[in-house]
Amino acid sequence: MVDLSQLNPQQRDAASHGDGPILVLAGAGSGKTRVITFRIAHLLARGVPAKAICAVTFTNKAAEEMRDRVAQLVRDRKVSDELTIGTFHALGLQILRSERAALGLPRGFAIYDQSDSLGAVREAMRGLRDGDRRYDAKAIATRISLAKNAFVAPDDYEGNSADDYDALTVEIYPRYQAALRACAAFDFDDLVCEPVRLFARDADVGARWAARFRFVMVDEFQDTNRAQLRMVQHLVRDHRNLCVVGDDDQSIYSWRGADPTNILEFARLFPGAKIVKLEQNYRSTTTILAAANEVIANNKDRHGKKLWSKIAGGGPIIHAVAHAAEDEARWVAREICGLRERDRLAWSDIAVMYRSNVQAKLVEDELRQASVPYVMYGGQQFFERKEVKDVMAYVRVALNRRDELALRRVLNYPARGIGAMTIERAVAHAHARRAPLWDALGELDAAGPARAGIASFRRVIDKLGAALDAGTDPVDATRALIEDVKLYDDLRDAAGSLSAAQRRIDNVESLLAGIARAHARHTPLGDYLKALALDTSSDDRTADGGDKVVLVTLHGAKGLEFPVCFMIGLEEELLPHARTLNPIATDVTDAEHAVDISEERRLCYVGITRAQRKLYVTRACTRVTRGRTVQRTPSRFLLEIPDDLLEVRDLAEEARQRVPADELRSFFASFAVEE
DNA sequence: GTTGCGTTTATTTTT
DNA sequence: TAAACGCAAC
């Protein structure tokens with residue numbers, strides 16, 4: 001039996017809830033993962049088979065953590081392995097894969113990641129309105145993605161006809177979708193939408209999946225979009241055993257399609273739902289929570305919660321005011337050094353959080369100056385590793401000749417004399433006959449200057465495909481391909497230095513190692529490639545082993561916690577951000593709709609509640625923005641924190657007093673460094 | 001294809 | 001300010 005007495009009364013109430021819908025409003029640090037894992041363990045103990053339980057998360061990391069914690073609780077790996085725990089996208093993929101026949105899909109159907117799908121949008125935009133090709137494909141891709149998130153089908157898209165991009169999307173979205181289907185490809189959003197459409201289209205399949213799970217749980221429910229809600233609604237259609245956990249006050253992703261009404265209107269969506277609030281916080285001091293509560297209380301449209309904790313101490317929140325942004329960053333760096341020396345903190349106990357990535361630059365400079373080790377979480381797109389995607393493209397084509405994007409990616413890579421002209425002719429030929437590009441290539445093979453190149457391309461692909469079909473070790477088959485196309489020679493030629501070339505070769509080798517591991521697990525190669533597309537966390541950015549200060553955006557900080565947190569740049573136009581304050585004219589919103597800063601406030605709330613013991617909120621009075629020095633106004637959110645929780649530090653004043661000591665210190669420091 | 005220059009534009013990001 | 005982008009020339 002599971003020992004639910006380890007939980008507080010509200011947690012226990014939620015974890016032991018039986019049949020029917022339940023909404024768990026879990027405040028920051030209130031132990032929501034604990035509730036979900038105990039609930040799963042409790043259901044198992046009650047005799048519910050593991051196969052009948054499904055838990056959905058947003059990230060692979062969250063899914064992994066959940067599975068580990070359940071495994072720890074039930075102490076039976078066999079049982080915990082039978083649970084369905086994964087992201088919405090992984091679940092969608094599982095559905096598509098098992099209904100492959102009903103959908104008429106080839107075994108090697110493709111998953112298009114963001115850059116693949118952007119490429120497909122570009123392709124769909126070709127030829128259309130050729131005169132002004134200055135349209136940004138990314139803007140269209142975003143609209144298509146948002147439409148899919150809102151479960152709007154290609155033919156139903158309307159948008160705002162006054163908006164050029166919306167109007168363009170009306171034309172592009174159906175073409176894009178048709179192109180994907182022609183390639184037997186799905187983008188990330190399709191992984192959620194298409195299963196739902198299949199359920200509606202095919203009653204048998206729909207009934208089967210409605211009966212597949214007896215209990216469904218969804219984490220971070222405030223982040224779900226319309227399409228995801230549809231999927232969940234279907235999965236619990238027949239039994240309504242749905243447990244969702246989330247926090248409306250931490251809804252910060254509506255800009256990418258999350259629909260907070262899902263959590264706000266849960267009781268209406270699922271009549272008779274039980275609602276449990278988790279308000280005891282096990283993370284932060286009373287001071288920090290008081291500040292958080294005061295700030296978030298200014299938002300309307302919330303379920304309403306007041307976090308409390310038993311953790312005392314930590315002192316007041318430090319409100320540091322610098323003259324210039326550079327001074328702010330320098331002070332943060334020095335204070336971090338002070339914390340380590342005075343309070344014996346590890347670097348990794350400390351985080352610096354900011355609204356937008358550009359703000360990190362000044363802090364980075366100062367930390368480097370002070371020799372403080374740091375990592376940036378999230379940051380920019382991690383390097384795409386072109387060479388890995390190239391090899392994957394070859395394999396993708398070998399598994400699915402219709403995967404046009406992959407085909408075009410490597411058709412002339414490494415160069416084999418197939419120029420833009422030839423490709424265009426082949427594409428035109430294929431589209432005219434509504435046939436796959438691969439077949440068109442076969443017909444062009446007989447003539448033209450690119451004849452030899454096309455023939456050799458088809459030969460290597462066919463050879464790889466045949467080898468994979470024949471059950472050859474996929475690593476051997478792929479390695480043979482790499483040799484056939486002389487990939488490593490090309491990498492060596494293209495790279496600037498020997499070490500750069502070696503790194504890229506190593507990247508390909510680690511892909512091969514991954515394929516080998518998958519093969520050892522009896523995972524089919526196609527399945528492994530699809531999983532790889534959905535998995536970004538295996539990249540080495542999560543390598544957080546080292547003791548380093550963490551630099552992270554407020555968005556990226558959600559779900560994390562640190563003993564000491566610095567929230568920097570708490571100024572109007574930074575938080576709340578200028579883009580929220582003055583929506584650009586081309587946007588739909590206008591004077592009639594007052595600007596809504598509630599999501600910015602939630603962002604601030606998320607930041608405050610990351611801190612366990614000590615919180616610093618800092619700002620500057622002047623800052624260089626776009627090459628201009630501008631006067632800054634304190635963030636309105638800062639003013640919402642009661643004064644008695646804050647201790648103000650005037651850094652300009654402090655610096656003036658400290659100048660002699662500082663100069664002395666830097667004098668000795670320079671002495672020591674130069675020897 | 002790649003380099004270089006002038007121009008433009010400035011959130012947040014996972015799957 | 002600075003990086004990302006478009007376009008022209010190699």
Side-chain angles (χ1 to χ4, degrees), chain A residues 56-63 86-93 111-117 132-139 141-142 145-146 148-149 186-193 220 223-225 227-228 251-258 325-326 353-362 377-382 412-415 417-420 490 493-494 496 530-539 541-542 552-559 569 573-584 586-587 597 599-600 602-604 606-607 623-630:
Chain A
V56 193
T57 62
F58 271 86
T59 64
N60 291 305
K61 194 178 152 212
T87 62
F88 271 104
H89 297 85
L91 177 62
L93 174 60
I111 306 285
Y112 279 9
D113 70 14
Q114 204 164 11
S115 69
D116 293 332
S117 110
D132 32 4
R133 264 204 292 117
R134 299 151 85 91
Y135 286 113
D136 181 10
K138 225 181 207 156
T142 304
S145 178
L146 285 174
K148 289 187 176 186
N149 285 174
F186 295 87
D187 66 21
F188 284 155
D189 303 312
D190 286 338
L191 294 179
V192 179
C193 295
E220 305 278 19
D223 289 338
T224 50
N225 59 41
Q228 289 161 337
S251 159
I252 56 175
Y253 284 113
S254 66
W255 54 274
R256 68 177 196 208
E326 289 75 12
M353 306 184 293
Y354 36 82
R355 173 67 231 264
S356 77
N357 284 304
V358 274
Q359 294 176 256
K361 203 177 171 299
L362 291 175
Y377 273 23
Q380 64 291 66
Q381 304 278 41
F382 24 63
N412 192 37
Y413 178 83
I418 305 175
D490 187 83
D493 290 344
K530 291 186 192 81
L532 216 55
L534 294 184
D535 182 24
T536 44
S537 65
S538 74
D539 263 294
R541 69 163 184 168
T542 342
V552 65
T553 62
L554 289 168
H555 283 93
K558 200 183 77 168
E573 313 232 279
L574 230 37
L575 184 71
H577 196 275
R579 274 296 266 269
T580 313
L581 254 20
N582 353 281
I584 42 179
T586 58
D587 266 356
I597 50 130
E599 186 150 312
E600 297 287 302
R602 289 194 289 270
L603 213 38
C604 182
V606 166
R623 182 179 295 270
V624 179
T625 316
R626 297 190 208 172
R628 264 207 233 302
T629 305
V630 208

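Just so you know, these numbers use all the heavy atoms, side chains as well, and skip hydrogens, waters and symmetry mates. Lettering follows sequence order; numbering is per chain, from 1.
Once the 5.5 Å centre distance and the 30° plane angle are applied, the aromatic ring of A:Trp255 is found stacked with the base of B:dT12. Here A:His577 lies parallel enough and close enough to stack on the base of B:dT11, with planes under 30° and ring centres under 5.5 Å apart.
With sequence neighbours excluded, no residue satisfies side-chain hydrogen bond (donor to acceptor under 3.5 Å, both in side chains) with A:Lys530. Legend: residues meeting side-chain hydrogen bond (donor to acceptor under 3.5 Å, both in side chains) with A:Gln359, ordered by chain and number and at least two apart, are absent.
Of the residues near DNA chain B, A:Ala533 and A:Glu599, the one whose nearest nucleotide (by heavy atom distance) lies more toward the 5' end is A:Glu599. Of the two residues contacting DNA chain B, namely A:Val358 and A:Phe58, the nearest-nucleotide position lying further toward the 5' end is that of A:Val358.
Heavy-atom minimum distance, A:Arg623 versus A:Ala325: NH1-CB, 3.6 Å. For A:Ile111 against A:Asp116, the heavy-atom pair with the smallest separation is O-OD2, 4.0 Å.
Atom NZ in A:Lys138 sits roughly 6 Å away from atom P in C:dC5 (whole-Å rounding). A:Lys148 places its NZ atom 18 Å from the P atom of B:dT15, with the value rounded to the nearest Å. The CZ atom of A:Arg579 sits 5 Å away from the P atom of B:dA10 (whole-angstrom rounding). Regarding A:Arg623, its CZ atom lies at a distance of 19 Å from the P atom of B:dA10, rounded to whole Å. In this structure, OH of A:Tyr377 is placed 19 Å from P of B:dT12, rounded to the nearest angstrom. Here B:dT15 presents its P atom at 18 Å from CG of A:Leu146, a figure rounded to the nearest Å. Spacing between atom CG of A:Leu575 and atom P of B:dT12 amounts to 13 Å, rounded to whole angstrom units. Put simply, CG on A:Asn225 is 11 Å from C1' on B:dT15, counting in whole angstrom units.
Relative to the side chain of A:Glu600, the nucleotides B:dT15, B:dT13, B:dT11 differ in distance, and B:dT11 lies closest. Relative to the side chain of A:Arg355, the nucleotides B:dA10, B:dT12, B:dG1 differ in distance, and B:dT12 lies closest. Considering only the side chain of A:Thr59, B:dT14 comes nearest among B:dT14, B:dT11, B:dT13.
Regarding contacts with the backbone of B:dT12, a side-chain N or O of A:Asn357 is found under 4.0 angstrom from either OP1 or OP2. Of the side-chain N and O atoms in A:Thr580, none sit less than 4.0 angstrom from OP1 or OP2 of B:dT11.
Comparing the same atom, C1', in B:dT14 and in C:dA3 gives a spacing of 24 Å after rounding to whole Å. To the nearest whole angstrom, the two C1' atoms, one in C:dA2 and one in B:dT13, are 22 Å apart.
We find the CG-OG1 distance between A:Asp223 and A:Thr59 to be 10.0 Å, quoted to the nearest 0.5 Å.
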